[in-house]
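As the structure lists them, so they are numbered: ligands from 1, and atoms in each ligand from 1.
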Amino acid sequence: MLLQDQVVIITGAGAGMGRSMALYFAREGAKIAVVDINVNTAEETVRIIEEKTGSEAVAFGVDVSKAQSVKKLVQTVGERTGRIDIVINCAGLPQAFTPIEDLEEEEWDRLLNVNTKSVFLTAKYAVPYMKKQKKGSILNIASIASERARPGLNAYCASKGAVVVLTKALALELAPYGIRVNAINPGPTNTEMLGKFVPEQDAEPERQKQDIFISSIPLGKLIEPEDIAEAALYLCSKYAEKITGTIFNVDGGRGI
Ligand SMILES: NC(=O)c1ccc[n+]([C@@H]2O[C@H](COP(=O)([O-])OP(=O)(O)OC[C@H]3O[C@@H](n4cnc5c(N)ncnc54)[C@H](O)[C@@H]3O)[C@@H](O)[C@H]2O)c1
């Protein structure tokens, strides 16, 4: 198995891509800390892992934008297992189409705190474990919106652009310690989130998926959470030992 007994923290693992990554990584023998602000969905992911794999998983209800909560999460996992091998920052919030003049300061802060500050916080608390081990892997789920913006998604695009640059900065900073830092830019992916990028009044998720998103993907199909999980598995495995600072587009060509 690719990740036998490795300790993996996955945020946003109560749904969508995070849940899919948790299952793929557990199938490869990893022990998973399933983190989500919604502890019920995190527990559901743990049940799925227990049913489908022989691996250990524990649910944590954590708001990744809160320093004290992230600190406690990382310390709990570190104390229980003695190590932290992989951190995947997948928790994120969408932004409904909002003209910049209507964007409230609170909404800007909320998006930047959950989508960007969380990447700083998990690194701040997990990197000391990885430095001690002289090995570790951090994977950030950014977005193809960091390369190809969409109108009205101003704060969301900014939050993901910052994740991309932070990924590169940390890759350089942590390379001497054997810690790799990479990001995936998903294209439009078939999860609950996809229907939430449109103005709230015309939210018709299925039509939006078809009209706006599928038509913008050269390969003509939405990305599935499993596509992201397979790329994540590669980037966190021994097969990517020489890969750091990479921004890996899993986007059906949307970024071209
Ligand atoms: N779906 C897409 O089209 C798409 C495209 C590009 C990038 N992304 C990014 O991929 C990641 C996963 O998205 P998804 O499509 O699986 O969405 P999703 O909504 O299905 O899952 C996101 C999860 O994050 C959790 N979460 C939200 N705020 C949190 C917080 N403060 N603390 C802890 N957990 C929190 C949610 O409860 C949810 O379970 C996000 O970062 C998103 O921005 C999504």
Given [options], which one has a non-hydrogen atom that is nearest to [atom]?
| atom | options | answer |
| --- | --- | --- |
| atom 7 (C) of ligand 1 | Ser146, Ala142, Ala42, Pro188 | Ala142 |
| atom 28 (N) of ligand 1 | Ile228, Leu111, Val114, Val119 | Val114 |
| atom 6 (C) of ligand 1 | Ala145, Pro186, Gly92 | Pro186 |

[X] [atom1]: over 12 foreign heavy atoms closer than 6.0 Å:
| X | atom1 | result |
| --- | --- | --- |
| Glu192 | CD | no |
| Glu224 | CD | yes |
| Lys117 | NZ | yes |

State whether the shortest distance between N or O atoms of [X] and N or O atoms of ligand 1 falls below 3.5 angstrom.
| X | value |
| --- | --- |
| Tyr156 | yes |
| Met17 | yes |
| Val64 | yes |
| Thr189 | yes |
| Thr191 | yes |
| Gly18 | no |

Practice problem: Indicate yes or no: does Glu50 engage Arg47 in a salt bridge with an N to O separation below 4.0 Å. | Solution: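 Salt bridge between Glu50 and Arg47, a charged N being under 4.0 Å from a carboxylate O: no.
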
What atoms of ligand 1 come within less than 4.0 Å of a heavy atom belonging to [X]?
| X | result |
| --- | --- |
| Gly187 | 3 (O), 5 (C) |
| Ala15 | 20 (O), 21 (O), 39 (O) |
| Gly16 | 16 (O), 20 (O) |
| Asp63 | 30 (C), 31 (N), 32 (N) |
| Val62 | 32 (N), 33 (C) |
| Leu194 | 3 (O) |
| Cys90 | 11 (C), 12 (C), 40 (C), 41 (O) |
| Ala91 | 24 (O), 33 (C), 34 (N), 35 (C), 41 (O) |

Do you know which two heavy atoms are closest between [X] and [Y], and how far apart they sit?
| X | Y | result |
| --- | --- | --- |
| Ala232 | Leu139 | CB-CD2, 3.5 Å |
| Thr191 | Pro225 | CG2-CG, 4.0 Å |
| Leu153 | Ala96 | CD2-C, 4.4 Å |

Quiz item: Is there side-chain contact between Leu233 and Leu2, with heavy atoms separated by less than 4.5 Å?
Solution: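 When only atoms from C-beta onward are counted, Leu2 and Leu233 do touch, with a gap below 4.5 Å.
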
Quiz item: Does any non-hydrogen side-chain atom of Arg254 lie less than 4.5 Å from one of Ile256?
Solution: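 Result no, sub-4.5 Å side-chain heavy-atom pair not found.
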
Practice problem: Dump the intermediate steps for side-chain hydrogen bond (donor to acceptor under 3.5 Å, both in side chains) on Tyr24 and Glu230, then the final yes or no. | Solution: CA-CA 8 Å; Tyr24 267 70; Glu230 284 161 10; 2.7 Å; yes

Practice problem: May I ask whether Thr11 has any heavy atom positioned less than 4.0 angstrom from an atom of ligand 1? | Solution: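 In this structure, Thr11 fails to qualify as a contact of ligand 1 - no heavy atom is under 4.0 Å.
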
Quiz item: Quick one: does Lys66 get a heavy atom under 4.0 Å from ligand 1?
Solution: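 No, that is not the case, since the closest heavy atom of the residue is not under 4.0 Å from the ligand.
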
Please list the nearest protein heavy atom to [atom] with its residue and the distance rounded to 0.1 Å.
| atom | answer |
| --- | --- |
| atom 19 (O) of ligand 1 | Met193 CB, 3.8 Å |
| atom 34 (N) of ligand 1 | Ile37 N, 3.1 Å |
| atom 24 (O) of ligand 1 | Gly12 CA, 3.5 Å |
| atom 36 (C) of ligand 1 | Asp36 OD1, 3.5 Å |

Quiz item: Distance-only, no hydrogens or angles: does the Arg180 side chain make a donor-acceptor pair with backbone N or O of Ile243 under 3.5 Å?
Solution: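 Side chain of Arg180 to backbone of Ile243, a donor-acceptor pair under 3.5 Å: yes, one is there.
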
Quiz item: Of the backbone atoms (N, CA, C, O) and the side-chain heavy atoms from C-beta on, which set of Phe213 has a member under 4.0 Å from an atom of ligand 1: side chain, backbone, both, or neither?
Solution: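 Answer for Phe213: neither.
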
Quiz item: Mind checking whether Phe197 and Tyr156 have parallel, tilted or perpendicular rings, split at 30° and 60°?
Solution: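 Correct class here is perpendicular.
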
Practice problem: Please determine, by modelled atom types, if Ser69 and Asp63 share a side-chain donor-acceptor pair under 3.5 angstrom. | Solution: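 The criterion, which ignores hydrogens and geometry beyond distance, is not satisfied for Asp63 and Ser69.
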
